[in-house]
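One structure is given here, and the rest of the page talks about it.
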Amino acid sequence: MDIASKYDPKNTEQKWYDFWIENRFFASKPDHRTPYTIVIPPPNVTGVLHMGHMLNNTIQDVLIRRARMRGYNACWVPGTDHASIATEAKVVRKLREEGIKKGDLSREEFMKHAWEWTHKHGGIILQQLKKLGASCDWDRTSFTMDEKYYQSVIDTFIDLHRKGKIYRGERMINWDPVAKTALSDEEVIYKEGLGKLYHVSYKVVGSDEVINIATTRPETILGDTAVCIHPNDDRYKHLHGKKVIVPLVNREVPIITDEYVDMEFGTGCLKVTPAHDTNDYDLGKKHQLEVINMMNDDGTVSEAGKLYIGMDRFDVRKQIVEDLKSSGNLIKVEDYQNKVGHSERTDAVIEPRLSLQWFVDMKDLGKPALDHVMNDDIKFYPPKFKNSYRNWMENIKDWCISRQLWWGHQIPAWYTGDGQYAVASSLEEAHAQLLLKNPSLKKEDLKQDPDVLDTWFSSWLWPISVFNGFYSKEEINYYYPTQDLVTAPEIMFFWVARMIIAGYEYMGEKPFTNVYYTGIVRDKQGRKMSKSLGNSPDPIDLIEEYGADGVRVGMLLTSPAGNDLPFDVSLCEQGRNFANKIWNAFRLVNGWESRTENRAMTGSDEVAIRWMKSRLQQVLEEIDDDYEKFRISEALMSLYKLVWDDFCSWYLEMIKPGFEQNMSRETFEATRSIFENLLKILHPFMPFLTEELWHHLNERKSADEAIVVSAWPMRVAYDKTILENFKEFEEIVTAIRNVRKTQNIPNKESITLKMFSSASFDSPFTDNIIRLCNISSIDKVNESDKSWTSFMVDSNEFFIPMSSNADMEAEKERIIKELDYTKGFLASVMKKLGNEKFVNSAPPAVVESENKKRQDAESLIRVLEEKLVSLG
RNA sequence: GGGUGAUUAGCUCAGUUGGUUCAGAGCACUACCUCGACAAGGUAGGGGUCACUGGUUCGAGCCCAGUAUCACCCACCA
């Protein structure tokens, strides 16, 4: 068979993915096995794959594939999120480009457009995940707007309302004037920015005096209904009970006093705009101030503002500053660093706004969710995130869940014209409820709440609703709680915390056992990869170039849990190179199959095999342990070294037959078996390459023998002594190669090795030394031979004849350097041993080791000195 | 303003109870090598006062205190 010298992923990826799907290896249904479940963090239905998804889903796939191989009933549930505000914004933009305004459409018409958009773009991202190799059970693909899912969201709302945990109320909320909707606190991103602090004078009624206030938002002057000072502020004590005139609008408002005011800040005097600031709203309530809502839902000035009606808030700010200057009320303007809230989705500057919205009362709901994370029923990786979680949960605020949007789950509340309402599962039920209070009420008079629910009010049910858990026990009892959740820390409060809350509320049980937080994928300069910066490679392009396996390895090489991943394509290159290395190891082993003969293996083969098997077991032990601790990168790196260094560089070199020589059949079979085990351990990281080689390496007669469903290697007791012997062997071989190099002895030239050993040196690897280093013989001698060059390994001294090519001066220099260093080292050891306190308090093993260090150093010094003498 | 974490080789990071194997790994770098698997490769090598300052200890990358810098999260200071 002629096999290309380079691995080409294009020949394998689609082939094997189709094979896996055809054989339904990713499909799961409840059976007698123990389940191992992961629910995907559902990406936005109309989104496209970015690097964050790549990292996240690669980790999930690694975990689920390994679980499958370990005999669990592995179930990875894929799906998408309707992403209410994000999707609606996209649809609105697309309609606008077509000249259609959302306002001109009926709800039904708009929804039709939105569904069209969803069907057109929805699921692209899921197709992309298949390219990555994601082994999801695609039959289970869920969408938060699916019929059953939709119903579970509505029923949850009704249930929480019945329990008194959902209420409707007028509160200050975060208003997005672009999307024209309320947002939860979590959807507001505060950004630091350079603004201005305007000092404005207000005239005191009945006197010539003025009072100066400082504000960052002069346009809200239109809504001022008081000025507030600190009761103990001596500067203003004489003004208690007086009134001032709001400039431009010329409204008389009271001066109130409240300890809320910071006397040190600005002028120590605060204007109060209850309708447009959360603190001012509280002050207004406390002091029973008038509330003037001077802004429309789109951020323009309302009739109530009296001036600048219809103008945008930012234009008004510029204009009012000009007008205040003209009227002489503007005292000064300072630069001022402050934080301004922006909408997470539209980036619009948030407007605090008084509004009637629906809220979830979070106080009691949050309690079990806090406790079970703190006591590690649910484990966070890395655990440091427990702190922020606790912080948030302990200060949890009510959750504003209504959104003034159409794309989403419509709130199941019906209103009469006169402010009564009922929450019910249907118009009929709502009508029946309201009839009790108002017997003459007609069904036609009821109007359903036009608003929809926050996206997260549907996704917090994800681990339950994807198994239809609200309506049937069949699947949920089997798959719930799930095992691992892999997600980004950014959505810990949005999603993770709320899933935990919903889990305990509705299942009485945690939704998952482990939460693995991935880091942020950054570019070389440390910037977050984002579409707007254009610094993010297209993952699909990367897969095209480096292969899915290469990219997967690249993503995981340096991404410990919770740490950011500084991404560079060179990582994918490293992954690709690794795939190629394995491919070529296969080519070598494969080539031997036709060169085997039936004879007993040689002793050196036997040693090599025994060592390699032990080494594999040792690393398997490490890797299993790494997985337990979610140290995925470490597991991959151990495997990388096991394959590249131990298997390729050492093992294969040891058993490699000489030119035109054959290999013992036994050795070949043992090697094939080792290779197969390596492929298995590699499979979760590199599914495509390993499946390909698995079939090449051995004929697999039925599909069920595929590596994807093969059994994870067994852990067995292994020979630790040979691992120690190997280390010594490795050191000797490296030293001999080093001598060859420094003395310019060609590898082809056979050399003699002499060995002087104080103890008995008897390495099982002796024959391997001879083979690997082209040694003609190893002679044990009883004394040092000063005319030969030497090196020491442990307490053994090895000699190689000086080559005529050797550079004597360089050799002398090297010896002097080593001598100096060793003398210094010995001095420090002696100092330690001369310290009575050390000898008395250190454990005997430590003292003993120091003694051995001394002996070794002393004999090395002796050797080096003799050598120096002989060199002249 | 509060909290959390970090600082170890050029880069990205390991370093579990203080003591053999503690100063490590991968990449990058240097030199040599087309040798019958692989140049996407091989062999060998160079490189760090473990952020700083003190302290505890026979002994500190690790424990304690302080300082500096960075990062993230939370918070309504006009």
Side-chain angles (χ1 to χ4, degrees), chain A residues 3 5-7 172 190 197-198 213-217 220 228 260-262 264-273 277-282 336 338-339 341 352 382 384-392 395 489-490 492-493 520 524 526 546 550 557-560 562-566 568 570-571 573-592 629 631 633-634 636-638 640-641 644 648-649 652-653 656 658-660 724 727 734 737-742 744 746-748 832 835-843 845-850 852-853:
Chain A
I3 306 169
S5 69
K6 291 203 172 19
Y7 169 58
M172 285 302 284
Y190 286 90
L197 190 62
Y198 302 91
I213 59 92
T215 179
T216 52
R217 304 195 50 200
T220 60
C228 189
Y260 163 75
V261 177
D262 178 357
E264 306 297 315
F265 187 88
T267 58
C269 186
L270 176 72
K271 74 186 203 59
V272 185
T273 321
D277 184 280
T278 314
N279 301 306
D280 291 10
Y281 177 71
D282 294 340
Y336 183 65
N338 69 340
K339 283 185 176 174
K384 65 175 179 182
F385 286 116
K386 277 167 77 176
N387 290 318
S388 3
Y389 181 82
R390 182 176 58 199
N391 199 277
W392 190 76
N395 300 293
E490 295 119 270
M492 182 160 63
F493 308 132
I520 294 166
K524 264 197 240 173
Y546 299 101
L557 271 171
T558 57
S559 42
N563 269 32
D564 289 356
L565 165 60
D568 188 273
S570 67
L571 288 166
E573 203 174 310
Q574 195 182 345
R576 179 200 61 183
N577 293 355
F578 185 40
N580 197 50
K581 183 73 184 177
I582 299 164
W583 174 260
N584 276 290
F586 160 73
R587 287 178 68 215
L588 178 65
V589 172
N590 184 63
W592 290 337
K629 296 171 178 152
R631 295 158 56 110
S633 292
E634 281 85 350
L636 174 58
M637 187 47 74
S638 300
Y640 181 91
K641 286 188 281 194
W644 201 306
C648 294
S649 297
L652 292 180
E653 291 301 330
K656 188 184 270 184
F659 187 53
E660 290 190 339
E724 289 304 312
K727 278 184 190 162
T734 302
R737 285 169 175 165
N738 189 9
V739 170
R740 275 187 184 277
K741 187 147 280 195
T742 52
N744 300 313
N747 290 329
K748 283 176 187 157
K832 229 183 209 179
N835 185 334
E836 224 174 279
K837 281 182 178 171
F838 169 76
V839 179
N840 293 335
S841 13
V846 175
V847 179
E848 199 181 314
S849 102
E850 290 300 317
K852 177 152 189 323
K853 279 186 199 168

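Numbered from 1 within each chain, the chains take letters A, B, ... in sequence-line order.
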Subject >> A:Thr220 side chain near A:Asp277 side chain, heavy-atom distance below 4.5 Å >> reply: no

Original post:
Taking only side-chain nitrogens and oxygens of A:Arg576, does any of them come within less than 4.0 Å of OP1 or OP2 of B:rA40?
Top reply: no

**OP:** Looking at every strand, decide which applies to A:Lys386 at a 4.0 Å heavy-atom threshold: base, sugar-phosphate, or nothing.
**Re:** nothing

**OP:** Assess whether one donor atom and one acceptor atom, taken from the side chain of A:Asn835 and the base of B:rC58, lie less than 3.5 Å apart.
**Re:** no

Original post:
So, does the side chain of A:Lys384 form a donor-acceptor pair with the base of B:rU4 at under 3.5 Å?
Top reply: no

**OP:** Would you confirm whether A:Ser649, through its side chain, and A:Trp644, through its main-chain N or O, come within 3.5 Å as a donor-acceptor pair?
**Re:** yes

**OP:** Would you classify A:Tyr546 as touching base, sugar-phosphate or nothing, given that sugar-phosphate means primed atoms plus P, OP1 and OP2, and contacts are heavy atoms under 4.0 Å?
**Re:** nothing

Original post:
Under 4.0 Å between a side-chain N/O of A:Lys581 and OP1 or OP2 of B:rG42, yes or no?
Top reply: yes

Original post:
Just by distance, do the side chain of A:Asn590 and the backbone of A:Phe586 share a donor-acceptor pair under 3.5 Å?
Top reply: no

Original post:
When rounded to the nearest 0.5 angstrom, what distance separates CZ in A:Arg737 from OG1 in A:Thr742?
Top reply: 14.0 Å

**OP:** Would you indicate, yes or no, if B:rA44 has its OP1 or OP2 atom less than 4.0 angstrom from a side-chain nitrogen or oxygen of A:Thr734?
**Re:** yes

**OP:** Determine whether A:Lys656 and A:Leu588 make a side-chain contact, defined as any pair of heavy atoms from C-beta on separated by less than 4.5 Å.
**Re:** yes

Original post:
Looking only at side-chain N and O atoms, does A:Lys656 come under 4.0 Å of OP1 or OP2 in B:rA37?
Top reply: yes

**OP:** Mind checking A:Pro566 for me? I need base, sugar-phosphate or nothing, with any heavy atom below 4.0 Å counting as a touch.
**Re:** sugar-phosphate

Original post:
Under the side chain to side chain donor-acceptor pair (under 3.5 Å) criterion, do A:Asn584 and A:Arg587 qualify, and how do the steps go?
Top reply: CA-CA 5 Å; A:Asn584 276 290; A:Arg587 287 178 68 215; 2.7 Å; yes

Original post:
Is there a side-chain contact between A:Tyr260 and A:Cys228, using heavy atoms and a 4.5 Å cut-off?
Top reply: no

Original post:
Looking at B:rC38, B:rG15, B:rG45, which one has an atom nearest to any side-chain atom of A:Asn738?
Top reply: B:rG45

**OP:** Compare side-chain N and O positions of A:Asn840 against OP1 and OP2 of B:rC58 and report whether any pair is under 4.0 Å apart.
**Re:** no

Subject >> B:rG24 pairs with, by Watson-Crick or G-U criteria that keep both distances under 3.5 Å >> reply: B:rC13

Subject >> Nucleic acid footprint by protein, nucleotides 22-30 of chain B - heavy-atom cut-off 4.0 Å, B for base, S for sugar-phosphate alone >> reply: ---SSS---

Original post:
Which part of the nucleic acid does A:Val589 contact within heavy-atom distance under 4.0 Å: base, sugar-phosphate only, or nothing?
Top reply: nothing

Subject >> Distance below 4.0 Å between A:Lys6 side-chain N/O and B:rA39 OP1 or OP2 >> reply: yes

**OP:** Using a 4.0 Å heavy-atom cut-off across all strands, classify A:Glu264 as base, sugar-phosphate, or nothing.
**Re:** nothing

Subject >> Residue matched to B:rC77 through Watson-Crick or wobble contacts both under 3.5 angstrom >> reply: none

Original post:
Heavy atoms under 4.0 Å, any strand shown: does A:Cys648 hit a base, just sugar-phosphate, or nothing?
Top reply: base

Subject >> Any A:Ile582 side-chain heavy atom under 4.5 Å of A:Phe578 side chain >> reply: yes

Original post:
Below 4.0 angstrom from OP1 or OP2 of B:rG45, is there any side-chain N or O of A:Arg740?
Top reply: no

Original post:
With sugar-phosphate meaning primed atoms plus P, OP1 and OP2, does A:Asn279 contact a base, only sugar-phosphate, or nothing at under 4.0 Å between heavy atoms?
Top reply: base

Original post:
Who is the Watson-Crick or G-U wobble partner of B:rG18, with both distances under 3.5 Å?
Top reply: none

Original post:
Counting only side-chain N and O atoms of A:Asn577, is one of them less than 4.0 Å from OP1 or OP2 of B:rG41?
Top reply: yes

**OP:** Establish, with yes or no, whether the OP1 or OP2 oxygen of B:rA78 is under 4.0 angstrom from a side-chain nitrogen or oxygen of A:Tyr336.
**Re:** yes

Original post:
Mind checking who B:rU53 pairs with, Watson-Crick or G-U wobble, both distances under 3.5 Å?
Top reply: B:rA65

Original post:
If the C1' atom of B:rC77 is compared with that of B:rC64, how far apart are they to the nearest Å?
Top reply: 37 Å

**OP:** Sequence neighbours left out, what passes salt bridge (charged side-chain N to carboxylate O under 4.0 Å, His left out) with A:Glu490? Give chain and number order.
**Re:** A:Lys528

